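Values below: all heavy atoms of this structure, side chains included; hydrogens, waters and symmetry mates excluded. Here the structure is a predicted model, which is why all the values come from computation and not from measurement.
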Amino acid sequence: MGGEGWLFLFAVLMAAALLFTSVFFIIMFSDLECGEHYMNPIDLCNKLNQFVVPENLAHAFLCLLFLLSFQWTALLINAPLLAYNVNKVVITKTHTFDATEIFRTLPQHKKESFIRLGFYLLSFFYYLYRMIVALISESE
């Protein structure tokens, strides 16, 4: 397996991990919203905040790999989310969840999590397709 095949295999695995993270966020927000199980907002925010920066770093690292391997299409697909994450983490510093505001901002956080889930799901299948194409072209 050549470089492009390995790159997209790694991208498939990263997209799967990011998918699981998005699903975890959605489940946690839904638990807080439904109130079936008593969910302390402070514990929820502490639990989710520990995943925010690693998720953004994983996505940024994936974008860096696409840049260094000249995969312009994959980088272009990921650029809007990368720009959004940079704005949220570096510029405005609004990436953490605040326990005092979580109930007021819950619909917005759930919507963002569903959008991320959709993005990572589409990315997963795109990376899987590119990996298969790379493996087929290497075998010929």
Side-chain angles (χ1 to χ4, degrees):
M1 186 161 39
E4 189 176 354
W6 283 111
L7 172 67
F8 283 105
L9 173 63
F10 180 73
V12 164
L13 296 175
M14 287 288 276
L18 292 170
L19 265 169
F20 287 126
T21 304
S22 293
V23 169
F24 175 70
F25 275 49
I26 290 168
I27 290 170
M28 296 303 283
F29 289 139
S30 295
D31 279 351
L32 182 66
E33 186 178 49
C34 292
E36 291 175 6
H37 307 64
Y38 180 71
M39 175 74 59
N40 184 346
I42 295 170
D43 292 338
L44 173 99
C45 290
N46 289 337
K47 192 179 289 187
L48 293 181
N49 283 337
Q50 68 183 355
F51 291 104
V52 172
V53 172
E55 176 190 1
N56 291 330
L57 287 175
H59 183 254
F61 180 67
L62 197 55
C63 291
L64 178 66
L65 289 179
F66 291 143
L67 176 67
L68 295 175
S69 61
F70 306 111
Q71 296 295 330
W72 304 119
T73 306
L75 183 62
L76 187 64
I77 290 169
N78 284 279
L81 183 59
L82 180 65
Y84 178 76
N85 289 340
V86 167
N87 179 49
K88 198 168 181 179
V89 174
V90 178
I91 298 170
T92 62
K93 295 181 178 28
T94 58
H95 61 285
T96 57
F97 299 104
D98 183 11
T100 60
E101 297 285 320
I102 192 70
F103 286 109
R104 186 178 63 78
T105 58
L106 190 60
Q108 174 189 347
H109 291 309
K110 279 184 71 176
K111 180 179 176 183
E112 180 181 324
S113 293
F114 276 112
I115 291 170
R116 284 180 184 269
L117 177 69
F119 175 81
Y120 292 140
L121 188 63
L122 291 174
S123 297
F124 176 83
F125 287 111
Y126 173 73
Y127 303 149
L128 186 63
Y129 168 75
R130 290 295 306 267
M131 182 187 74
I132 292 169
V133 168
L135 293 174
I136 290 172
S137 67
E138 285 177 14
S139 68
E140 292 177 351

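- Ile115 is not connected to Leu121 by any chain of hydrophobic side-chain contacts under 4.5 Å among Ile, Leu, Val, Met, Phe, Trp and Tyr, and they are in different clusters.
- Looking only at distances, a side-chain donor or acceptor of Asn46 sits under 3.5 Å from a matching main-chain atom of Ile42.
- When ring centroids are compared, Phe66 and Tyr127 come within the 6.0 Å threshold.
- The minimum heavy-atom distance between His59 and Leu82, with the atom names listed, is CE1-N, 3.6 Å.
- Considering only heavy atoms from C-beta on, Phe97 stays 4.5 Å or farther from Thr105 through its side chain.
- Linking Ile, Leu, Val, Met, Phe, Trp and Tyr whenever their side-chain heavy atoms come within less than 4.5 Å leaves Leu122 and Leu62 in two separate clusters.
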(request) Kindly determine whether Glu112 and Lys88 satisfy side chain to side chain contact (heavy atoms under 4.5 Å, CB included), including the steps that lead there. (result) CA-CA 12 Å; Glu112 180 181 324; Lys88 198 168 181 179; 2.7 Å; yes
(request) For Glu55 and Phe25, run side chain to side chain contact (heavy atoms under 4.5 Å, CB included): C-alpha distance rounded to whole Å, both residues' side-chain angles, the deciding distance at 0.1 Å, then the answer. (result) CA-CA 11 Å; Glu55 176 190 1; Phe25 275 49; 4.2 Å; yes
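- Rounding to the nearest 0.5 Å places CD1 of Ile136 at 10.0 Å from CE of Met131.
- Within the model, atoms CD1 of Ile102 and CD of Gln108 stand 9.5 Å from one another, a figure rounded to the nearest 0.5 Å.
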(request) Under the side chain to side chain contact (heavy atoms under 4.5 Å, CB included) rule, what do Phe124 and Leu18 come out as? Steps first, then yes or no, please. (result) CA-CA 9 Å; Phe124 176 83; Leu18 292 170; over 6 Å; no
(request) Begin from the C-alpha positions of Leu75 and Cys63 and carry the test side chain to side chain contact (heavy atoms under 4.5 Å, CB included) through to its verdict. (result) CA-CA 6 Å; Leu75 183 62; Cys63 291; 4.0 Å; yes
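- Residues Val12 and Leu128 share a closest heavy-atom pair of CG2-N, 3.4 Å.
- The heavy-atom pair separating Ala134 from Glu4 by the smallest distance is CB-CG, 4.0 Å.
- Closest approach of Ala74 and Asn78 over heavy atoms only: O-ND2, 2.8 Å.
- Cluster membership check: Val90 does not share its hydrophobic cluster with Leu81, using side-chain heavy-atom separations under 4.5 Å among Ile, Leu, Val, Met, Phe, Trp and Tyr.
- To the nearest 0.5 Å, the span separating CD1 on Ile27 from OG on Ser113 amounts to 11.0 Å.
- Side-chain heavy atoms closer than 4.5 Å link hydrophobic residues (I, L, V, M, F, W, Y) into clusters, and following such links, possibly through other members, connects Phe10 to Tyr120.
- By the rule that hydrophobic residues join a cluster once side-chain heavy atoms approach within less than 4.5 Å of another member, Leu67 and Tyr126 end up as members of one cluster.
- Residues Arg130 and Leu7 fail the side-chain proximity criterion, which asks for heavy atoms closer than 4.5 Å.
- Taking SG from Cys45 and CD from Glu101, the interatomic distance works out to 10.0 Å, rounded to the nearest 0.5 Å.
- How far CG of Leu135 is from CH2 of Trp6: 9.5 Å, rounded to the nearest 0.5 Å.
- Phe8 places none of its side-chain heavy atoms less than 4.5 Å from the side chain of Ile132.
- Inter-residue side-chain proximity for Ser30 and Lys110 is flagged as met; some heavy-atom pair is nearer than 4.5 Å.
- Residues Phe119 and Tyr84 place their aromatic rings such that the two centres sit no closer than 6.0 Å.
- Here CG of Leu32 is found 5.5 Å from CG of Leu106. Values are rounded to the nearest 0.5 Å.
- Arg116 places a side-chain heavy atom less than 4.5 Å from the side chain of Asn85.
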